[in-house]
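Naming: A, B, ... by sequence-line order, numbering from 1 per chain.
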There are 2 protein chains.
Amino acid sequence: MQLQAICGAGVAAKSSDDIQLAWANLVRTGTNVMQRVEDDLKRQGFPPVAWYDVLWELDKAPEGVLQQSEVQARVLLAQYNFVRLLDRLERAGLIRRVPCKVDGRSNVLHLTDAGRDLRKGMWPAYDAAIAVHVGSHLSQNEAGVLAGLLSKLLPDRKTLAMRTR
Amino acid sequence: MQLQAICGAGVAAKSSDDIQLAWANLVRTGTNVMQRVEDDLKRQGFPPVAWYDVLWELDKAPEGVLQQSEVQARVLLAQYNFVRLLDRLERAGLIRRVPCKVDGRSNVLHLTDAGRDLRKGMWPAYDAAIAVHVGSHLSQNEAGVLAGLLSKLLPDRKTLAMRTR
DNA sequence: GGCGGTTACATGCAGTTGCATTCATAATTG
DNA sequence: CAATTATGAATGCAACTGCATGTAACCGCC
């Protein structure tokens, strides 16, 4: 009872002004910066960043081959959105979905040559967009601090992955 | 020619590792924290944060009345998305769209009593969600620093508003 | 081996978004 | 003041998303 009073258990927590501003700026900045980067890519005829993410996961893997579920876990999209993203990537000839030999439920994703090329071709534009919309506003040091503070708001990998089911 | 070589003019800028991490964390954290807050609200039967934003803008205004274009400029949604958000709000009886007497092109938005009540009723849940998903991970001071760093990435109001056309 | 539960992936449907365009009314200007 | 341009708002359509659910294959266990 004392304890409850002390730490406010059972009562909805209230956020301070600083917290609220951090929240507001986080959402605004997140969507805004994302938008601008996406726009830059689109203007140059490139697909969305989400495409890049998948291609990059595959490109990092040996042979450009990875379990579908593994990629899914890394890109943090809802399962049904991920499946349909793969539909688009496959239709565009960037990846192939191959039924897994060992586990009849799962697929193995293969990066095609076209996919590899696109990933590689996108990077300079992507990198430049990040430099313009993030880098140019922050010192090296500020970027590090920002990254650190942001990471404090992220749940760990496992929790993160669970949210996509 | 010397100049070009020195400052890299004409060559796409490259971002450093710190910058890239800041970018990655910004996007991840932004969407993730937003998601969790939205989920909390939804679980309690409340509409999305975007609804709150509009209602709040109107509630702040004297009489709960504001030009549609003015609200539009503040909430930073694309024009067509904003219009349709208003469709939903109006259908839900939270606002009314009234043709403007002085300018035949524009509307004036009126917050209804139901709208005012909903806004007010949402806040505790919203505030609590912010406290949980942002506040509990940061000290007061960290929140201030984070807000400051994030604001450096935002373009000014005017530029921001232009992007929504 | 067969039955309940779980995992991996897919899909139908309704709701939302992006894009291009339209409509009507101001504002500007030749 | 008529013609042009600019502004505020809306909409048709295609694409995308969320949600619930479906299907098939695996896993554990009696």
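- B/Val65 pairs with exactly one of B/Leu58, B/Val108, B/Leu109, B/Val98 by the side-chain contact (heavy atoms from CB on, under 4.5 Å) rule, that one being B/Val108.
- Counting only heavy atoms from C-beta on, A/Ser69 has its side chain closest to C/dC9 among D/dA9, C/dA10, C/dC9.
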task: Go through the steps for B/Asp40 and B/Arg43 under the test salt bridge (charged side-chain N to carboxylate O under 4.0 Å, His left out), then give the verdict.
output: CA-CA 5 Å; B/Asp40 281 8; B/Arg43 247 193 308 282; 2.5 Å; yes
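- In this structure, B/Glu90 places its CD atom 13 Å from C1' of D/dA10, rounding to the nearest Å.
- Picking from D/dA25, D/dG8, C/dG12 the nucleotide with the shortest atom distance to the side chain of A/Arg105 gives D/dA25.
- Taking atom CZ of residue B/Phe82 and atom C1' of nucleotide D/dG8, one finds them 11 Å apart after rounding to whole Å.
- In this structure, A/Asp103 reaches the sugar-phosphate backbone alone: every heavy-atom distance under 4.0 Å involves primed, P, OP1 or OP2 atoms, never a base.
- Each of A/Arg91 and B/Ser106 was assigned the nucleotide of DNA chain D with the nearest heavy atom; the assignment lying further toward the 5' end belongs to B/Ser106.
- Atom CH2 in A/Trp51 sits about 12 Å away from atom C1' in D/dC16, given to the nearest Å.
- Between the side chain of B/Arg84 and the base of D/dG12, at least one donor-acceptor pair of N or O atoms lies under 3.5 Å.
- Taking atom CG of A/Asn107 as the reference point, atom P of C/dT7 lies 18 Å away to the nearest angstrom.
- OP1 or OP2 of D/dC19 sits under 4.0 Å from a side-chain N or O of A/Tyr80.
- Under 3.5 Å, the side chain of B/Gln79 and the base of D/dA9 form at least one donor-acceptor pair of N or O atoms.
- Taking the charged nitrogens against the carboxylate oxygens, B/Arg97 and B/Asp87 do have a contact shorter than 4.0 Å, which makes a salt bridge.
- In this structure, A/Leu86 atom CG and C/dA10 atom P are separated by 7 Å, rounded to whole Å.
- Contact annotation: A/Arg88 side-chain N/O to D/dT17 OP1/OP2 distance is under 4.0 Å.
- Taking atom CG of B/Leu109 as the reference point, atom P of D/dG8 lies 14 Å away to the nearest angstrom.
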task: Check step by step if side-chain contact (heavy atoms from CB on, under 4.5 Å) holds for A/Leu21 and B/Leu150.
output: CA-CA 10 Å; A/Leu21 187 59; B/Leu150 287 171; over 6 Å; no
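- Screening B/Trp56, B/Trp51, B/Tyr52 for a ring pair (Phe, Tyr, Trp, His ring centres under 6.0 Å) involving B/Tyr126 leaves a single residue, B/Tyr52.
- A/Val102 comes within 4.0 angstrom of the backbone, heavy atoms only, and of no base.
- If you take CD of A/Gln35 and C1' of C/dT17, they are 11 Å apart, rounded to a whole angstrom.
- Between A/Lys42 and A/Gln67, the residue whose closest nucleotide on DNA chain C is further toward the 5' end is A/Gln67.
- Summarising the geometry, the separation between CZ on A/Arg43 and P on C/dC19 is reported as 11 Å, rounded to the nearest angstrom.
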